[in-house]
Asker: 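Here it is, the structure, as structure tokens.
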Amino acid sequence: MAKYTVAKNLIEKADDVKNTLKEERRRVVNSVKSSVKKNSKSGNSKVNSGKIELLITVVNRQKTEFYQDLLQSFEVNMQMSVRARGTATAQTLHLLGLEDTPKSVIFSFIREEKLQDALATLEHKFKTIKNGAGVAYTVPLTSVIGVAIYGFLSNNEKTVKEEK
């Protein structure tokens, strides 16, 4: 009989804890919902939901700085350039009447909404600048770890944590 009473008391306490947890969960969910509504009404969205793409540009080495400055005008916050060399042999270049010019590859992180304008500008510059021809293509990024890293790469100052 004592075992039955102890078991019954444990079941009642477990039910009480379960009900308390449900009420607490409901309170937290309502609090979060009201907070989200306040932020969306006031327009204080902290994170830009835009996607980021990796823009890869191959240009003559002597034009690297020009193209980096050009891309920076499209709010590109992080760029890296590396020296590059073509894969064609000297014989192939000679047969085609080309010369081996040193190249640079520029890796830039750019927001998706700025991408079309940047590519159009690059295409125009490739056609109009003497010795300014190049190649540009993008690779979409599916995820970035951390809000601060996303904020930096997307040049979005609102994502940086504010000191209290």
Side-chain angles (χ1 to χ4, degrees), residues 21 24-25 28-164:
L21 288 174
E24 186 65 21
R25 181 181 179 276
V28 168
V29 167
N30 289 335
S31 173
V32 168
K33 283 182 181 179
S34 67
S35 178
V36 168
K37 284 180 185 177
K38 285 179 188 175
N39 283 342
S40 65
K41 286 180 183 177
S42 65
N44 290 336
S45 177
K46 286 192 172 191
V47 178
N48 180 357
S49 62
K51 295 181 180 179
I52 301 173
E53 298 212 15
L54 176 62
L55 173 62
I56 301 169
T57 312
V58 182
V59 295
N60 288 339
R61 194 171 298 157
Q62 62 191 24
K63 299 291 184 182
T64 304
E65 193 172 326
F66 170 79
Y67 282 110
Q68 284 182 314
D69 290 342
L70 178 70
L71 290 171
Q72 195 167 0
S73 69
F74 293 98
E75 296 183 27
V76 171
N77 200 31
M78 182 181 164
Q79 297 185 71
M80 179 179 65
S81 66
V82 294
R83 294 174 161 228
R85 191 179 72 184
T87 57
T89 64
Q91 287 179 329
T92 305
L93 291 172
H94 181 69
L95 287 173
L96 295 173
L98 301 173
E99 54 186 68
D100 190 17
T101 57
K103 305 286 184 196
S104 286
V105 179
I106 304 169
F107 297 95
S108 311
F109 292 93
I110 187 168
R111 288 196 313 255
E112 193 175 52
E113 66 263 13
K114 302 280 185 182
L115 185 60
Q116 292 305 317
D117 292 335
L119 288 173
T121 302
L122 283 171
E123 183 178 8
H124 175 72
K125 296 296 182 187
F126 288 162
K127 291 178 181 178
T128 58
I129 293 177
K130 184 178 180 181
N131 294 325
V135 176
Y137 61 95
T138 62
V139 178
L141 300 179
T142 56
S143 65
V144 176
I145 297 175
V147 174
I149 292 173
Y150 171 80
F152 176 74
L153 292 178
S154 66
N155 199 16
N156 186 357
E157 296 173 4
K158 291 181 180 180
T159 58
V160 178
K161 293 182 180 179
E162 297 177 9
E163 292 182 22
K164 293 183 180 183

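Computed from a prediction, not measured in an experiment: that's the story for all the values here. What's counted below: heavy atoms across the whole structure, side chains too, no hydrogens, waters or symmetry copies.
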Asker: Sequence neighbours left out, what pairs pass ring pair (Phe, Tyr, Trp, His ring centres under 6.0 Å) with at least one residue falling in residues 80-122?
Answerer: none
Asker: So, using side-chain contact (heavy atoms from CB on, under 4.5 Å) as the criterion, who are the partners of Gln62 when residues are at least two apart?
Answerer: Asn60, Asn131
Asker: Not counting sequence neighbours, which residues clear side-chain hydrogen bond (donor to acceptor under 3.5 Å, both in side chains) with Thr57? List them please.
Answerer: none
Asker: Apply side chain to side chain contact (heavy atoms under 4.5 Å, CB included) to the pair Lys63 and Ile129, showing each step before the final yes or no.
Answerer: CA-CA 10 Å; Lys63 299 291 184 182; Ile129 293 177; 3.9 Å; yes
Asker: Please list, chain by chain and in numerical order, all residues satisfying side-chain hydrogen bond (donor to acceptor under 3.5 Å, both in side chains) with Gln68, sequence neighbours excluded.
Answerer: none
Asker: With rounding to the nearest 0.5 angstrom, report the CD to CG distance, Glu53 to Leu119.
Answerer: 8.5 Å
Asker: Would Ile110 and Leu71 count as a side chain to side chain contact (heavy atoms under 4.5 Å, CB included) if you check the C-alpha gap in whole Å, the side-chain angles of each, and the deciding distance to 0.1 Å?
Answerer: CA-CA 9 Å; Ile110 187 168; Leu71 290 171; 5.5 Å; no
Asker: Only counting residues at least two apart or in another chain, list the ones meeting side-chain contact (heavy atoms from CB on, under 4.5 Å) with Ser143.
Answerer: none
Asker: Drop me the distance from Leu122's CG to Ile106's CD1, to the nearest 0.5 angstrom.
Answerer: 8.5 Å
Asker: Identify, with sequence neighbours excluded, every residue that meets side-chain contact (heavy atoms from CB on, under 4.5 Å) alongside Ser104.
Answerer: Arg61, Thr64
Asker: What pairs meet the salt bridge (charged side-chain N to carboxylate O under 4.0 Å, His left out) rule with one or both residues in residues 67-76, with sequence neighbours excluded?
Answerer: Glu75-Arg111, Glu75-Lys114
Asker: Keeping to residues at least two apart or across chains, list the ring pair (Phe, Tyr, Trp, His ring centres under 6.0 Å) pairs with something in residues 122-148.
Answerer: Tyr67-Phe126
Asker: Might you point out which heavy atoms bring Gln79 and Ser108 nearest each other, and give the distance in Å?
Answerer: OE1-OG, 3.4 Å
Asker: With the side chain counted from C-beta on, respond yes when Asn77 and Leu153 share a heavy-atom pair under 4.5 Å apart, and no when they do not.
Answerer: no
Asker: Residues two or more places apart in sequence or in another chain: which of them pass salt bridge (Lys or Arg N to Asp or Glu O under 4.0 Å) with Lys127?
Answerer: Glu123
Asker: Nearest 0.5 Å please: distance from the OG1 atom of Thr138 over to the CG atom of Leu54.
Answerer: 8.5 Å
Asker: Can you sort out the partners of Thr121 under side-chain hydrogen bond (donor to acceptor under 3.5 Å, both in side chains), two or more places apart, ordered by chain and number?
Answerer: none
Asker: With Leu96, which residues qualify under side-chain contact (heavy atoms from CB on, under 4.5 Å), at least two apart?
Answerer: Thr92, Leu98
